[in-house]
*Asks:* 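The structure follows.
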Amino acid sequence: LLARYRQGEAAHLAYLDDYAFLVWALIELYHTTFDVKYLELALEFNNEMLELFNDNEKGGLFLYGADGESLIVRPKEVYDGAMPSGNSVAALNMLRLARMTGDARLEVRAYDQLSAFASIVESNPSAHTYFLMAAIFGLYPTKEIVLAGRKEEPIMQSMISLVHKSFLPQAVVLFNDSSKEELALIKTAPYIEGQKSIDDKGTAYICQNYSCQAPTSNLDEFASRLEIL
């Protein structure tokens, strides 16, 4: 990635924040469109971010990449001001991606990220509010919501609408589209392979630690389950 585009010229190697915020945007795009290409891109850029910015000795992510100019000091920023820091955003990104894909290695990297800055954040929590959001996501129970069916089917349309209208800070959502072979999504998130549409109706699975409640195609029941998340 490059950091700037101006008057027809792309220039300057991207910083940590550029990668972290782009991955965040791609996760949101997936949750909005359920197009698996956005989830794949989020994982790709997150992996590149870890390769370029990770501090292998003390943990956390540097502001400048390993592909940039060699400086005397490589700073790491975790202060969340008007804009959250790249380290805070990266921590929550990795936790969300880990829960979406079931990738235990990514979850370990996320917890390493939290541990690297824990003492700094503990000394002044109000200056690290986005980091605390990541810590809450990592330390408290989360849910995986899997919607299965054809996107144009009426019940599925209503379920998607309900998800998009609900505030679900401790949940991730995946869509297993039965109208086509979702091989790319199953490869990315293998645990959803058995979570399929029942009787060709939109079907919802609500899971915790990938252990799922009984599936439902009843819209009122699904709405009721979402309310208690």
*Asks:* Could you tell me whether Y191 and Y210 have their ring centroids closer than 6.0 angstrom?
*Replies:*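 Aromatic pair counts; centres sit under 6.0 Å.
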*Asks:* Would you say S158 and S161 are linked by a side-chain donor-acceptor pair, where the criterion is simply a distance under 3.5 Å?
*Replies:*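 Side-chain D/A pair, S161 to S158: absent.
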*Asks:* Among all residues two or more places apart in sequence or in another chain, which pass the ring-ring contact (aromatic ring centres under 6.0 Å, His included) test with Y111?
*Replies:*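 Checked Y111 against ring-ring contact (aromatic ring centres under 6.0 Å, His included); zero matches.
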*Asks:* If we ignore hydrogens and angles and just use 3.5 Å, is the side chain of D177 paired with the main-chain N or O of A148 as donor and acceptor?
*Replies:*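 No, D177 side chain to A148 backbone: no donor-acceptor pair under 3.5 Å.
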*Asks:* What distance do M100 atom CE and L106 atom CG have between them, rounded to the nearest 0.5 Å?
*Replies:*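 It comes to 11.0 Å.
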*Asks:* At their closest point, which heavy atom of S178 faces which heavy atom of S197, and how far apart are they?
*Replies:*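 Distance-wise, the nearest heavy atoms are OG-CB, 4.1 Å.
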*Asks:* Is it true that a side-chain atom of Y205 and a backbone atom of T216 form a donor plus acceptor pair closer than 3.5 Å?
*Replies:*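 A pair under 3.5 Å: no.
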*Asks:* Between the side chains of D103 and R105, is the shortest nitrogen-to-carboxylate-oxygen separation below 4.0 Å, so that they form an ion pair?
*Replies:*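 Between D103 and R105 there is a salt bridge, with a charged N closer than 4.0 Å to a carboxylate O.
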*Asks:* Are the side chain of H31 and the backbone N or O of V172 linked by a donor-acceptor pair below 3.5 Å?
*Replies:*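 The answer is no, because no donor-acceptor pair under 3.5 Å joins these two groups.
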*Asks:* Verify the cluster assignment for M83 and L132: are they in a single hydrophobic cluster under the rule of side-chain heavy atoms below 4.5 Å apart?
*Replies:*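 Same cluster: M83 reaches L132 through Ile, Leu, Val, Met, Phe, Trp or Tyr contacts under 4.5 Å.
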*Asks:* Using modelled atom types only, decide if a donor and an acceptor are shared between the side chain of Q195 and the backbone of N176 within a distance under 3.5 Å.
*Replies:*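 Side chain of Q195 to backbone of N176, a donor-acceptor pair under 3.5 Å: no, none is there.
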*Asks:* For E122, which residues count as a side chain to side chain donor-acceptor pair (under 3.5 Å) partner, sequence neighbours excluded?
*Replies:*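 With sequence neighbours excluded, E122 shows a side chain to side chain donor-acceptor pair (under 3.5 Å) to no residue whatsoever.
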*Asks:* Using atom types as modelled, flag every donor-acceptor pair under 3.5 Å from a side chain in residues 37-52 to any protein atom, sequence neighbours excluded.
*Replies:*
residue : atom : partner : partner atom : Å
N47     : ND2  : L43     : O            : 3.3
E48     : OE2  : Y19     : OH           : 2.7

*Asks:* Side-chain contact, heavy-atom cut-off 4.5 Å: D18 with L22?
*Replies:*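 The answer is no, as the side chains (C-beta and beyond) never meet within the 4.5 Å cut-off.
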*Asks:* Are the side chain of E144 and the backbone of R99 linked by a donor-acceptor contact shorter than 3.5 Å?
*Replies:*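 It does not hold such a pair.
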*Asks:* Between the side chain of S123 and the main-chain N/O of I120, is any donor-acceptor distance below 3.5 Å?
*Replies:*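 Side chain of S123 to backbone of I120, a donor-acceptor pair under 3.5 Å: yes, one is there.
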*Asks:* Assess whether side-chain contact (heavy atoms from CB on, under 4.5 Å) is satisfied between L168 and I145, documenting all intermediate values.
*Replies:* CA-CA 10 Å; L168 302 168; I145 301 170; 4.0 Å; yes
*Asks:* If you measure from CG on D67 to CZ on F53, what distance do you get to the nearest 0.5 Å?
*Replies:*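 One gets 6.5 Å once the value is rounded to the nearest 0.5 Å.
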*Asks:* Measuring from atom SG of C212 to atom CD1 of I192, what distance do you get when rounded to the nearest 0.5 angstrom?
*Replies:*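 Separation between the atoms: 10.5 Å.
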*Asks:* Donor-acceptor pair, distance only, cut-off 3.5 Å: does the side chain of E193 make one with the backbone of I186?
*Replies:*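 Side chain of E193 to backbone of I186: no pair is present.
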*Asks:* Can you list, by chain and residue number, the hydrophobic cluster partners of L13 when the side-chain cut-off is 4.5 Å?
*Replies:*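 Its cluster mates, by chain and number, are L2.
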*Asks:* Out of curiosity, F131 CZ to S88 OG, how far, rounded to the nearest 0.5 Å?
*Replies:*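 Separation between the atoms: 6.0 Å.
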*Asks:* Are the side chain of Y140 and the backbone N or O of A135 linked by a donor-acceptor pair below 3.5 Å?
*Replies:*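 Answer holds: no.
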*Asks:* Mind checking whether F21 and V89 have side chains closer than 4.5 Å, heavy atoms only?
*Replies:*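 Yes, at least one pair of side-chain atoms sits under 4.5 Å.
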*Asks:* Can you tell if the side chain of Q113 reaches within under 4.5 Å of the side chain of M94, non-hydrogen atoms only?
*Replies:*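 The answer is yes; the side chains approach within 4.5 Å.
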*Asks:* What's the separation between atom OH in Y15 and atom CG in L63, rounded to the nearest 0.5 Å?
*Replies:*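 So the OH of Y15 and the CG of L63 are separated by 7.5 Å.
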*Asks:* So how far is it from F175 CZ to D35 CG, rounded to the nearest 0.5 Å?
*Replies:*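 Those atoms lie 11.5 Å apart.
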*Asks:* Distance alone, cut at 3.5 Å: any donor-acceptor contact between the side chains of S217 and T203?
*Replies:*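 Yes, a side-chain donor-acceptor pair sits under 3.5 Å.
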*Asks:* Would you confirm whether N124, through its side chain, and V121, through its main-chain N or O, come within 3.5 Å as a donor-acceptor pair?
*Replies:*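 Such a contact is absent between N124 side chain and V121 backbone.
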*Asks:* Filter on salt bridge (Lys or Arg N to Asp or Glu O under 4.0 Å), then keep only pairs touching residues 73-82, sequence neighbours left out; what's left?
*Replies:*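 For residues 73-82, and leaving out neighbouring residues, the salt bridge (Lys or Arg N to Asp or Glu O under 4.0 Å) pairs sorted by first residue read D55-K76.
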*Asks:* Does any part of the side chain of D17, heavy atoms only, come nearer than 4.5 Å to the side chain of S85, both counted from C-beta?
*Replies:*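 S85 does not reach D17 side chain to side chain.
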*Asks:* With a sphere of 6.0 Å drawn around NZ of K196, does it hold more than 12 non-hydrogen atoms of other residues, nucleotides or ligands?
*Replies:*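 Atom NZ in K196 is not crowded, with 12 or fewer foreign heavy atoms closer than 6.0 Å.
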*Asks:* State, with a plain yes or no, whether a side-chain heavy atom of L95 is found less than 4.5 Å away from one of T142.
*Replies:*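 A side-chain contact is absent here, since even the closest heavy-atom pair is not under 4.5 Å.
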*Asks:* For a quick test of reading the model, state the closest non-hydrogen atom pair linking A20 to G86 and the distance between them.
*Replies:*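 For A20 and G86, the tightest heavy-atom pair comes out as CB-O, 3.6 Å.
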*Asks:* Taking C-beta and beyond as the side chain, do E153 and D200 meet within less than 4.5 Å on heavy atoms?
*Replies:*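 Result no, sub-4.5 Å side-chain heavy-atom pair not found.
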*Asks:* Walk me through it: do Q170 and K143 pass the test side-chain contact (heavy atoms from CB on, under 4.5 Å)?
*Replies:* CA-CA 6 Å; Q170 291 293 109; K143 305 287 185 182; over 6 Å; no
*Asks:* With a 4.5 Å cut-off on side-chain heavy atoms, are Y79 and N87 touching?
*Replies:*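 They are not in contact (no side-chain heavy atoms under 4.5 Å apart), so the answer is no.
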*Asks:* Could you state whether L139 and V108 fall into the same hydrophobic cluster, counting links through intermediate Ile, Leu, Val, Met, Phe, Trp or Tyr residues with side-chain heavy atoms under 4.5 angstrom apart?
*Replies:*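 Not linked; separate clusters.
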*Asks:* List the atom of L97, the atom of T101, and the distance in Å for their closest heavy-atom pair.
*Replies:*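 Where L97 meets T101 most closely, the heavy atoms are O-OG1, 2.8 Å.
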*Asks:* Are H128 and F117 close enough, and set up right, to give a side-chain contact (heavy atoms from CB on, under 4.5 Å), and what steps lead you there?
*Replies:* CA-CA 10 Å; H128 304 90; F117 299 104; over 6 Å; no
*Asks:* Is the shortest heavy-atom distance from the side chain of L16 to the side chain of F62 under 4.5 Å?
*Replies:*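 Not touching, per the 4.5 Å side-chain cut-off.
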*Asks:* Provide the full list of ring-ring contact (aromatic ring centres under 6.0 Å, His included) pairs with a residue in residues 154-174, sequence neighbours left out, each pair given once.
*Replies:*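 Residue pairs passing ring-ring contact (aromatic ring centres under 6.0 Å, His included), neighbours aside: F34-H164.
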*Asks:* Could you walk me through whether L226 and F222 satisfy the side-chain contact (heavy atoms from CB on, under 4.5 Å) test, starting with their C-alpha distance in whole Å, then the side-chain angles of each, then the deciding distance to 0.1 Å, before giving a yes or no?
*Replies:* CA-CA 6 Å; L226 285 184; F222 179 58; 3.7 Å; yes
*Asks:* Under 3.5 Å, is there a donor-acceptor pair between the side chain of N54 and the main chain of L61?
*Replies:*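 Here the side-chain-to-backbone pair does not exist.
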